Novice: 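Structure provided below as structure tokens; questions to follow.
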Amino acid sequence: MQSPASETELLARARGLGGRTFVEVARDLEVPLPPDPRRAKGFIGQLVERALGGACDSAPRPDFPELGVELKTLPIDGRGRVRESTFVCSTPLGDAAETEWASSRVRHKLSRVLFLTLEADPAVPHGRRRFGAAFLWSPDAAQEATLREDWTELMGLIGAGAVETIDASRGQVLQLRPKGANAAQRTVAYDADGAPFLAPPRGFYLRARFTRTLLAQAGLYAGS
DNA sequence: ACTTGATCATAG
DNA sequence: CTATGATCAAGT
């Protein structure tokens, strides 16, 4: 699959997946669908990247580098509501931690996003679940201001050596949560005096409450 | 129903 | 180990 030449083409391809089941798309790409979804959490995301002609590696760049577009799947429950938060990127805890919102990875990741909704109703067998609507999003002025506030607060605490005081309840739309293989994983962080210590790796996530508003903004809100 | 903390797979 | 892709599952 060639990479899409424009946003229009990318969006058209994504919309072409709408209504199709996971098994159908996997079969077309000649990749087997893992038998146990619990052990294949990111599989559908990877499948969609391939189906749309995006980058299939794990390089720290947008999924569609020429277009500057990031692809995110959005799991939707039986009532049309977003079920899960959306992972954005890992959180820099090291001595080279970012200090400017304008050059932050969060801002770059979220500058242009293609959301593809998918069925995530436990009542539907995994293979029979279908892709849904797709829409492109960039933060408007108010959304960007809120993201910047959250990011600045969280990174400020990290810069002050207080990463361990941060829990997932902080942040209006952006939150910090563990992001690792398990709770025992550690990465290097720095305390207020600049001394290194080991801390669980963290990641930035968009709250489901927030992506739900994006769905509504796109005219796709099906909940009550 | 919803959130928070924990976890799973794969590539380089 | 870090990055990518996320969802699971316990607690409230």
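The structure displayed is predicted, hence computed values, not measured ones. So that the names make sense, note that chain A is the first sequence line, chain B the second, and so on, each numbered from 1.
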Novice: Report the distance from atom CD of A:Glu70 to atom P of C:dA3, rounded to the nearest whole Å.
Specialist: 14 Å
Novice: Tell me if the aromatic rings of A:Phe131 and A:Phe22 count as close, with their centers under 6.0 Å from one another.
Specialist: yes
Novice: Can you tell me if the side-chain N/O atoms of A:Thr73 get under 4.0 Å from OP1 or OP2 in C:dA6?
Specialist: yes
Novice: Charged N to carboxylate O below 4.0 Å: is that the case for A:Arg148 and A:Glu144?
Specialist: no
Novice: How is A:Gly45 classified with respect to the nucleic acid when contacts are heavy atoms under 4.0 Å: base, sugar-phosphate, or nothing?
Specialist: sugar-phosphate
Novice: Donor-acceptor pair, A:Arg202 side chain versus A:Leu176 backbone, under 3.5 Å?
Specialist: no
Novice: Just do the side-chain hydrogen bond (donor to acceptor under 3.5 Å, both in side chains) check on A:Gln2 and A:Glu9 with the steps written out, would you?
Specialist: CA-CA 11 Å; A:Gln2 291 284 316; A:Glu9 184 181 351; over 6 Å; no
Novice: Quick one: A:Glu84 CD to C:dG5 P, roughly how many Å, whole number?
Specialist: 16 Å
Novice: Other residues, nucleotides and ligands only: do more than 12 of their heavy atoms fall within 6.0 Å of CZ on A:Arg128?
Specialist: no
Novice: I'd like to know if A:Phe204 and A:Val82 are part of one continuous hydrophobic network [Ile/Leu/Val/Met/Phe/Trp/Tyr, side-chain heavy atoms within less than 4.5 Å].
Specialist: yes
Novice: Under 4.0 Å: is that the gap between some side-chain N or O of A:Thr187 and OP1 or OP2 of C:dC1?
Specialist: no
Novice: Using chain A heavy atoms and a threshold of under 4.0 Å, write down where along DNA chain B the contacts begin and end, 5' to 3'.
Specialist: B:dA1 to B:dA11
Novice: When all nucleic acid strands are considered with a 4.0 Å heavy-atom cut-off, which category describes A:Ala120: base, sugar-phosphate, or nothing?
Specialist: nothing
Novice: Hey, what's the ring geometry for A:Phe210 with A:Trp137, parallel, tilted or perpendicular (30° and 60° as the breaks)?
Specialist: perpendicular
Novice: With DNA chain B as reference, determine whether A:Tyr205 or A:Arg209 sits nearer its 5' end, using the nearest nucleotide of each.
Specialist: A:Arg209
Novice: Tell me what A:Lys109 touches on the nucleic acid: a base, only sugar-phosphate, or nothing, going by heavy atoms under 4.0 Å.
Specialist: sugar-phosphate
Novice: Expressed in angstrom and rounded to an integer, what is the separation of A:Leu93 atom CG from C:dA3 atom C1'?
Specialist: 14 Å
Novice: Can you tell me if CZ on A:Arg186 sees more than 12 non-hydrogen neighbours from other groups inside 6.0 Å?
Specialist: yes
Novice: Under 4.0 Å between any heavy atoms, over every strand shown, what does A:Arg177 touch: base, sugar-phosphate, or nothing? Just pick one.
Specialist: base
Novice: Record whether the side chain of A:Gln185 comes under 3.5 Å of the base of C:dC1 through a donor-acceptor pair of N or O atoms.
Specialist: no
Novice: Can you give me the closest heavy-atom contact between A:Leu206 and A:Val88, atom names plus distance?
Specialist: CG-CG2, 3.8 Å
Novice: Starting at the 5' end of DNA chain B, which residue's closest nucleotide do you reach first, A:Ala183 or A:Gln175?
Specialist: A:Gln175
Novice: Atom NZ of A:Lys41 to atom P of C:dG5: distance rounded to whole Å?
Specialist: 16 Å
Novice: Rounded to the nearest angstrom, tell me the gap between atom CG in A:Asp63 and atom C1' in C:dA6.
Specialist: 13 Å
Novice: Estimate the overall bend of the helix from B:dA1-C:dT12 to B:dG12-C:dC1 from the end axes over five pairs each, rounded to 10 degrees.
Specialist: 30°
Novice: Send over the distance from A:Phe131 CZ to C:dA6 C1', rounded to a whole Å.
Specialist: 13 Å
Novice: Without decimals, in angstroms, what is the distance between A:Arg39 CZ and C:dC8 P?
Specialist: 13 Å
Novice: Both A:Arg61 and A:Ser85 contact DNA chain C. Which one's nearest nucleotide lies toward the 5' end?
Specialist: A:Arg61
Novice: Between A:Arg130 and A:Glu119, does at least one N-O distance fall below 4.0 Å, as a salt bridge requires?
Specialist: no
Novice: Just call it for A:Pro37: base, sugar-phosphate, or nothing, with non-hydrogen atoms closer than 4.0 Å on any strand.
Specialist: nothing
Novice: To the nearest Å, how far apart are A:Lys179 NZ and C:dC1 C1'?
Specialist: 14 Å
